[in-house]
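Scope of the values below: all heavy atoms of this structure, side chains included, with no hydrogens, waters or symmetry mates. Note that ligands are numbered from 1 as they come in the structure, with each ligand's atoms numbered from 1 the same way. Only a predicted model underlies this, so the values are computations on that prediction, with no experimental measurement involved.
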Amino acid sequence: MVCLGNICRSPLAEGILKEKIKQHQLDWVVDSAGTGYWHVGEGPDQRSVAVARQRGIDIRDQRARQLRSKDLEEFDLIFAMDTSNYRSIVNMAPRPALSEKVHLILDLIYPGEGRSVPDPYYDDYGFEGVYDMLEEACDQIIVKFR
Ligand code: 4NP
């Protein structure tokens, strides 16, 4: 799960998908990262922590890290939160074929529409809606890839 800062959207996506794979007893490895370096080592944004907690998941033990090109080798699926992240990730691919692993996460709900999860960093009220979209997308990830 990849966004820009790895403190707002992708930590929620990681937490939600981990909860769902537990419910479905799958043995997937789920992680998140940012394309940017500014927040490396920080915990998730307090507003993400709060909305997750309201929905029953605890994401406080996550720490932000920056995406490495090696992640494109090691992970089978990479989900970008927005079109800008998508382009950054594809541009990092050490081999062009690896870019086939990269998906825009909302394409799972709205195939081919190229929609982005809005960046809630500057919008205190955006976090609930982001959670709802990510939860719906994670349900589809389980349906499509299990
Ligand atoms: P995220 O949100 O990509 O969902 O983690 C952001 C976090 C930090 C910044 C931008 C977006 N920033 O500019 O520092």
Under a 4.0 angstrom heavy-atom cut-off, which atoms of ligand 1 come close to [X]?
X    : value
Leu4 : 3 (O), 10 (C)
Ile7 : 5 (O), 7 (C), 8 (C)
Cys8 : 1 (P), 2 (O), 4 (O), 5 (O)
Gly5 : 1 (P), 3 (O), 5 (O)

Heavy atoms from other residues, nucleotides or ligands near [atom1] of [X] exceed 12 (cutoff 6.0 Å):
X      : atom1 : answer
Arg63  : CZ    : yes
Arg53  : CZ    : no
Phe145 : CZ    : yes

- Query: Between Arg9 and Asp82, does at least one N-O distance fall below 4.0 Å, as a salt bridge requires?
  - Reply: yes
- Message: If the threshold is 4.0 Å, N to carboxylate O, is there a salt bridge linking Glu42 and Arg65?
- Response: no
- Note on the structure: For Pro94 and Leu72, the nearest pair of non-hydrogen atoms, with its separation, is CD-CB, 4.3 Å
- shortest atom 1 (P) of ligand 1-to-protein heavy-atom contact is with Cys3 SG, 3.4 Å
- Among Tyr122, Phe127, Tyr121, closest by heavy atom to atom 7 (C) of ligand 1 is Tyr121
Counting only nitrogen or oxygen atoms and a 3.5 angstrom limit, does [X] reach ligand 1?
X      : value
His39  : yes
Pro120 : no
Arg9   : yes

- Task: Examine ligand 1 and decide if any of its atoms is less than 4.0 Å from a heavy atom belonging to Met81.
- Result: no
- Would you mind telling me if ligand 1 is within reach of the side chain of Asn6, the backbone, both or neither, using heavy atoms under 4.0 Å? backbone
- Item | Residue portion contacting ligand 1 (non-hydrogen atoms closer than 4.0 Å) for Asp119 | side chain
- Task: With Arg47 as the cation and Phe127 as the aromatic partner, state whether NZ or CZ is under 6.0 Å from the six-membered ring centre and within 45° of the axis.
- Result: no
- Message: So, applying side chain to side chain contact (heavy atoms under 4.5 Å, CB included) with Val49, which one of Asp58, Ile59, Ile7, Ile57 is it?
- Response: Ile59
